[in-house]
Amino acid sequence: MRNSLRTALRAGAIALAGAMLALGSAAVPAQAAPAGPDPVEGPNPVVGGTPAAQGEFPWIVRLSMGCGGAMYTPSLVLTAAHCVGATGNNTSITATWGVVDLQDPSRTTRTSNYVYRAPGYNGNGKDWALIRLSSPITAAPLLKIATDTSLHSGNFQVMGWGAATEGGGQQRYLLKAQVPFITDAQCQGAGGSYSGLIFNEEICAGNYTSGGVDTCQGDSGGPMVKRNASNEWIQIGIVSWGIGCARPQNPGVYSEVRYFSTDIYNAAVSLGGAPGGVSVTGPGNQSTVVGTAVTLNSTASGGTSPYSWSASGLPAGTSINSSTGQITGTPSAAGTYTVTVTATDSASKTGTASFTWTVNPVGSCGAVTNGADVSIPDNNTTGVYSNITIGGCTGNGGIGSKVEVHIVHTYKGDLIVDLVAPDGSVYNLHNRSGGSTDNIDTVYTVNLSTEVKNGTWRLRARDAASVDTGYINSWTLTL
Ligand code: ARG
């Protein structure tokens, strides 16, 4: 991305000799490049590729910002730093897995909940990032990453849904191609931006002399792989940048995965689990009340079961069952608790999940807030919930009870939002009005005079259309 010149595509030029794969992405730092000279006749802008078969690259992922990625653990996608924003909570990315056709109804999608961008990334080298999904894709085979240079030779396999020609559009069907290894010295010798090649952090590939095959805009973040002696796919590179696509003497540049392998592994541990380890899905954020018994479940996958469970940060009066992971008990002190649940497998590998647990005082019969974020997956008609438990209050809600809702979302017209009373009665608050307006920040007045105050109240958010996503930021119930 550093310098990709955008060249005008000559129409019609040699249609792809096969199919091709170029990927491009809107999100990438595709610079509005200086208008370079238009290429002259010739096959330069064709990125030669062919369609991949369903299941051929079972760890490949398409990311909604227009990049590729690969499954590193069931919950983590390895991609390029230039495809993402800063490290932190991020519910804006949708990952699509399990299909070569992005419109295949059998595709699996997940929303992100966190982005980890390589520390020190500044647009030059260090072009890697991990995206954590809101729930694991347990069916996905994982792609191992190189830890040494032993496979840095011969041909590599690349694939993606990016542009099939320089300046071309994104693809619906996954394309693949083979690109030969190019030494750092030869790559640097291409001059221009290539003079700044960072030998340890970047690796080049392509037909140096003749071009013709390459990744392209929208392939960024996707893997460059090669089979090892055991016939397993190993990730050697991450699509990073190039000048144009498939031009002679302008090879594709990839992040050199082996150089970052320890950093990537350690980042994964900090995000909840490394490959081959255990990953844990916690119960999600909670808002309960002092003196009311609770039961919260977590699940673990990966590693070697059985798991033994422990937890830190639990409210007094509660504990975790070391063999089932279930948290039970009756919180005895109000407060906001950050709870981390850990599962340890029989080989001593661990996975963790954290959640925020607000324990409200007994008799909080006025306004009660649940301020923990809950991400709303795209096109999700099951709905996600944010709960508030009320205890120690007498009688029913008022005619003019208030429900203050704050949802961050890029398309209000996608959303259906309901209040679900402790007895299951549903009060619709918002039903897809507002079109493309962002966010819901509204106080709804609801007649709750037939509902007893005590019990667990739930705010349900559903997303009835594809593309935009968001999260429940907070909500306040005043009975
Ligand atoms: N930066 C591009 C992207 O965001 C990838 C470019 C790869 N270019 C190349 N010629 N190999 O999709």
Side-chain angles (χ1 to χ4, degrees), residues 1-7 9 20-33 36 39 43-49 60-70 77-85 93 117 121 123-129 131 155-171 174-182 187 190 192-194 196-197 201-208 210-225 236-256:
M1 66 146 331
R2 122 184 106 185
N3 305 311
S4 44
L5 286 205
R6 187 181 120 275
T7 329
L9 216 224
M20 96 26 10
L21 113 46
L23 339 147
S25 84
V28 237
Q31 7 264 136
N44 316 22
V46 175
V47 185
I60 187 80
V61 168
R62 174 67 172 182
L63 299 169
S64 54
M65 84 293 274
C67 279
V77 176
L78 180 60
T79 187
H82 80 260
C83 288
V84 303
I93 303 166
R117 191 175 64 179
Y121 171 72
N124 236 336
K126 300 181 178 48
D127 197 6
W128 66 270
I131 296 173
N155 281 325
F156 300 123
Q157 182 85 55
V158 288
M159 73 248 23
W161 287 271
T165 57
E166 185 174 321
Q170 300 293 295
Q171 302 294 302
L174 181 65
L175 294 175
K176 63 171 178 174
Q178 290 214 342
V179 285
F181 170 72
I182 291 173
C187 191
S193 299
Y194 295 94
L197 191 75
E201 302 186 11
E202 298 176 314
I203 177 172
C204 304
N207 290 327
Y208 188 81
S210 55
V213 183
D214 197 3
T215 45
C216 198
Q217 267 49 53
D219 292 323
S220 278
M224 177 171 79
V225 299
I236 306 296
I238 299 170
V239 179
S240 181
W241 63 276
I243 304 298
C245 302
R247 300 182 189 184
Q249 291 161 47
N250 282 166
V253 182
Y254 299 78
S255 301
E256 191 164 322

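Whatever order the structure lists them in is the order used to number ligands and atoms, beginning at 1.
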Atom indices of ligand 1 within 4.0 angstrom of [X] heavy atoms, with elements:
X	value
S240	1 (N), 2 (C), 5 (C)
H82	1 (N), 3 (C), 4 (O)
D214	9 (C), 10 (N), 11 (N)
G252	11 (N)

Can you tell which of S220, G206, G66 gets a heavy atom nearest to atom 12 (O) of ligand 1? S220

Can you find an N or O of Y254 that's nearer than 3.5 Å to an N or O of ligand 1? no

G244 N/O under 3.5 Å from ligand 1 N/O: yes

Look up atom [atom1] in [X] and atom [atom2] in [Y], then write down how far apart they are to the nearest 0.5 Å.
X	Y	atom1	atom2	result
I131	R117	CD1	CZ	12.0 Å
C245	N250	SG	CG	10.0 Å
Q170	R62	CD	CZ	4.5 Å
F156	C204	CZ	SG	10.5 Å
S210	R247	OG	CZ	15.0 Å

Please examine the side chains of F181 and N155, heavy atoms only from C-beta on, and report whether any two atoms are closer than 4.5 Å. no

Indicate, as side chain, backbone, both or neither, the part of C83 found under 4.0 angstrom from ligand 1 when only non-hydrogen atoms are considered. neither

Please work out, at 4.0 Å between heavy atoms, whether the side chain, the backbone, both, or neither of T215 comes within that distance of ligand 1. both

Can G160 be said to touch ligand 1, with heavy atoms closer than 4.0 Å? no

Backbone N/O of G222 and side chain of T79: donor-acceptor pair under 3.5 Å: no

